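All of these numbers come straight from a predicted model, not from anything done at the bench.
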Amino acid sequence: MTGQGLPVQGLSVSGLPVLGAGGWGTALAVNAARNGPVTLWARREAFAAQLDRERVNAEYLPGVALPAPLRVTPDLAGAVEGAAFALVVVPSVGVPDLLAELPRGLGVVLCAKGLGPNGGQLTVLARGLGFGRVAVLSGPNHAEEIGRGLPAATVVASRDVAFAQEVQAALMTPALRVYTSSDETGVELGGVLKNVVALAAGMVDGLRLGDNAKAALITRGLREMDRYLRAVGGQEDTVYGLSGLGDLVTTATSRHSRNRAAGEAIALGEHPGQGGKVVEGLRTAGLLDAWAQAQGVDLPIVRAVAQVAAGAWTPQAALAELMTRDAKPERLD
């Protein structure tokens with residue numbers, strides 16, 4: 001039974017498939033295991049065996065025990081056999097290859113906050129590959145806290161309302177409140193752009209610009225999210241919901257945020273890499289900036305971060321560029 005008292009429809013004989021054993025995949029698997037059996041898939045056979053034996057993911061989610069209902073396997077076909085849907089929890093660059101290996105009758109819940117190879121939506125990619133039931137999961141959710149069972153909320157969005165409700169039933173627990181949305185585009189792309197703003201927030205921290213600067217950046221970053229999501233067909237409610245404002249605040253301020261930490265490292269003149277962990281915003285910034293330039297949409301923070309990520313500007317030059325833009329009224333456009 002789930003936290004809602006409803007039967008979980010997505011379970012296979014081996015449990016709900018969670019595909020990807022990084023920190024976020026492990027945390028989602030640990031949470032879902034509070035409702036029943038879960039199969040966590042890890043591509044590396046030795047890594048899967050280690051997780052199943054040691055019952056902790058010391059590499060990506062240290063200190064969080066893997067509960068008994070959770071099993072780990074490197075067998076992808078076996079993990080999804082008989083399942084109605086699976087959580088796809090690999091970095092965005094790895095999503096296309098993983099989807100190519102999955103049966104098209106499987107529902108897929110995309111949990112990466114990034115864009116496809118050519119800057120397109122991962123949900124659009126999934127449908128183009130022939131998947132009929134597609135959803136996206138996003139919100140202010142750090143793996144370190146979800147794994148420990150600290151209270152949180154998230155959103156699952158799909159054009160298929162019944163599918164979103166099915167996923168909601170599988171993931172909702174007393175520690176994780178899951179909402180549904182039909183704004184698939186807004187939920188997916190809000191999670192993409194906030195990573196770029198979080199990189200900028202980290203640069204603010206690294207340059208020690210203070211709380212006023214951080215608050216201004218988050219506020220103006222939210223305006224860019226609103227401008228972007230409206231341009232691509234997202235809904236205004238989504239901008240100010242969990243996958244918009246909620247995720248932005250968390251990612252721009254938390255010590256757990258890879259993107260914020262990467263921005264801080266860049267400002268300090270250090271390499272932004274963190275033990276091989278993916279920093280989605282570094283890749284996303286350039287893709288979003290290219291889109292904005294082509295579409296004529298004003299995203300100055302995105303442009304500044306893209307220029308810094310490409311090595312064209314220093315963080316100090318990006319700050320000067322943003323602070324010396326033409327004077328204008330504050331308005332909601």
- Message: I want to check something: taking the side chain as every heavy atom from C-beta on, are Val156 and Phe163 in contact at a cut-off of under 4.5 Å?
- Response: no
- When every non-hydrogen atom of Ala152 is compared with those of Asn141, the smallest separation belongs to CB-ND2, 4.2 Å
- Item | Arg104 side-chain N/O to Leu102 backbone N/O, donor-acceptor pair under 3.5 Å | yes
- Query: Does the pair Glu188 and Thr123 meet the rule for a side chain to side chain donor-acceptor pair (under 3.5 Å), with working shown?
  - Reply: CA-CA 8 Å; Glu188 179 177 7; Thr123 51; 2.5 Å; yes
- Between Asp298 and Arg303, does at least one N-O distance fall below 4.0 Å, as a salt bridge requires? no
- Pair Arg177, Tyr179: side-chain N/O donor-acceptor within cut-off below 3.5 Å: yes
- So, are Glu166 and Arg133 salt-bridged, with charged N and O less than 4.0 Å apart? yes
- Query: Between Glu321 and Arg325, is the closest basic N to carboxylate O distance under 4.0 Å?
  - Reply: no
- Examine the side chains of Asn195 and Thr284 and answer whether a donor and an acceptor come within less than 3.5 Å of each other. no
- Kindly determine whether Val18 and Val89 satisfy side chain to side chain contact (heavy atoms under 4.5 Å, CB included), including the steps that lead there. CA-CA 7 Å; Val18 178; Val89 203; 3.9 Å; yes
- Could you tell me which non-hydrogen atom of Met203 sits nearest to which non-hydrogen atom of Ala267, and how far apart they are? O-CB, 3.7 Å
- Query: Where the side chain of Glu184 meets the backbone of Ala135, is there a donor-acceptor pair that is under 3.5 Å apart?
  - Reply: no
- I would like to know whether Trp24 and Tyr60 meet ring-ring contact (aromatic ring centres under 6.0 Å, His included); could you show each step before the answer? CA-CA 8 Å; Trp24 186 215; Tyr60 295 107; over 10 Å; no
- Query: Going from OG1 on Thr253 to CG on Asp211, what distance comes out if it is rounded to the nearest 0.5 angstrom?
  - Reply: 11.5 Å
- Under 4.0 Å between a Lys/Arg side-chain N and an Asp/Glu carboxylate O for Glu59 and Arg44? yes
- Item | Lys194 side chain vs Leu189 backbone, donor-acceptor pair below 3.5 Å | no
